[in-house]
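These notes concern the structure reproduced below.
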Amino acid sequence: MIARKNIVAILLGIELILNAAALNFVAYSRYVTNNLDGHIFSLFIIVIAAAEAAVGLAIVIRFFQIKETIHIDEATQLRN
Amino acid sequence: MFLQFLFISSAVLTVSCALGVLMVKNIMHSCVFLLGSLMGIAGLYATLGADFVAITQIMVYVGGVVILMLFAVMLTGGNDFVSRAQNLLGLPASMGNKWTYAIGLLVGVVFLLTNIQLIRGLTKALPVKTITNEFPSTVTQIGHLLVKDHVLAFEMSSVLLLGALVGAAIIARPRKQN
């Protein structure tokens with residue numbers, strides 16, 4: 001039920017994981033270290049996630065232009 | 001009291017919308033659930049006193065990444081979204097039901113409370129290390145840290161963003177007609 005075969009759904013899951021990591025950084029920054037390094041780190045995580053989303057969605061659109069689908073099992077051009 | 005209410009509503013919104021991202025079949029609905037989840041995380045940032053990160057979260061993720069995702073879904077979706085069923089209000093069934101309207105209301109409440117919390121923090125001036133309900137603004141300190149201690153990472157991230165956007169434009173450009 002959780003496993004998705006849609007490439008965009010996989011990218012959505014990656015966004016969720018990156019957000020979880022950034023939230024952990026900010027929480028530890030508040031309750032453990034008492035400085036702002038966690039905030040800086042989560043800002044860079046947000047930047048990298050934005051770059052990743054842009055490139056990933058460009059790849060998805062290109063893949064759709066070639067294969068006419070965005071099912072992950074169709075991505076077999078680099079196999080063998 | 002206010003912070004507890006903000007935390008509970010944000011946490012409920014985050015977890016329920018994250019589960020919605022995973023469980024819902026329609027990929028467009030997954031994107032909208034992701035928007036709710038990211039808004040809840042922005043509320044959690046506001047509870048932690050990270051006002052700059054919360055505003056960046058709302059502007060970059062909710063305003064940028066989710067919209068990009070929605071455009072990608074619409075460009076690659078095909079005919080998956082066409083549905084003729086209607087709900088009680090006479091709208092198509094893909095426009096949502098009472099649960100999605102409730103989640104939308106929760107998104108609005110969390111957004112309002114986040115803004116209230118951030119504006120309250122801007123008007124107060126307290127030392128950083130005291131754990132109270134009002135937080136001082138962290139924007140000045142984050143700005144100093146970004147151009148003093150972390151300036152190399154800052155510049156590298158700017159180059160990374162430039163490269164990523166140029167690469168995305170090159171990858172997604174239309175195919176040449178041979």
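With a 6.0 Å radius and a threshold of 12 heavy atoms from other residues, nucleotides or ligands, A:Phe63 has its CZ atom above the threshold. Atom CZ of B:Phe7 is surrounded by 12 or fewer heavy atoms from other residues, nucleotides or ligands within 6.0 Å.
Residues A:Phe25 and A:Ile14 share a hydrophobic cluster, clusters being chains of Ile/Leu/Val/Met/Phe/Trp/Tyr side chains in contact below 4.5 Å.
If you tally non-hydrogen atom pairs under 4.5 Å between each of A:Leu11, A:Val26, A:Asn6, A:Ile61 and chain B, the highest count goes to A:Val26. Across B:Ala168, B:Ala72, B:Gly163, B:Ala18, the residue that shares the most heavy-atom pairs under 4.5 angstrom with chain A is B:Ala168. Top candidate by heavy-atom pairs under 4.5 Å with chain B, chosen from A:Val8, A:Asn35, A:Ile46, is A:Ile46. Chosen from A:Leu16, A:Ile40, A:Asp37, the residue pairing most often with chain B at heavy-atom distances under 4.5 Å is A:Ile40. For the options A:Gly38, A:Ala22, A:Ser29, heavy-atom pairs under 4.5 Å to chain B are most numerous at A:Ala22.
Contacts from residues 47-57 of chain A to chain B, taken as heavy-atom pairs separated by less than 4.5 Å, involve A:Val47, A:Ile48, A:Ala49, A:Ala50, A:Ala51, A:Ala53, A:Ala54, A:Val55, A:Leu57 in sequence order.
Side-chain contact between A:Leu12 and B:Ile27 is present, with at least one heavy-atom pair separated by less than 4.5 Å. Residues A:Glu15 and B:Met69 meet the side-chain proximity criterion, which asks for heavy atoms closer than 4.5 Å.
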Pairs under 3.5 angstrom only: tabulate donor-acceptor contacts from the side chains of residues 64-76 of chain A to other protein residues two or more places apart or in another chain.
residue: A:Gln65; atom: OE1; partner: A:Arg62; partner atom: NH1; Å: 2.9
residue: A:Thr69; atom: OG1; partner: A:His71; partner atom: N; Å: 3.2
residue: A:His71; atom: ND1; partner: A:Asp73; partner atom: N; Å: 3.4
residue: A:Asp73; atom: OD2; partner: A:Lys5; partner atom: NZ; Å: 3.2

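Interface residue B:Ser37: only side-chain heavy atoms are found under 4.5 Å from chain A. Using a 4.5 Å cut-off between heavy atoms, B:Val24 contacts chain A through its backbone alone, with no side-chain atom that close. Within the 4.5 angstrom heavy-atom criterion, atoms from both the backbone and the side chain of A:Asn19 approach chain B. For B:Ile142, the parts sitting under 4.5 Å from any heavy atom of chain A are the backbone and the side chain alike. Only the side chain of B:Leu38 comes within less than 4.5 Å of a heavy atom in chain A; its backbone stays farther off.
Distance check, rounded to the nearest 0.5 Å: OG1 of B:Thr47 to CZ of A:Arg30 gives 9.5 Å. Taking CG of A:Leu36 as the reference point, atom CZ of B:Phe52 lies at 11.5 Å (rounded to 0.5 Å). In this structure, the separation between CG on A:Leu23 and OG1 on B:Thr14 is 7.5 Å, given to the nearest 0.5 Å. To the nearest 0.5 angstrom, B:Ile41 atom CD1 is 11.0 Å from A:Ser42 atom OG.
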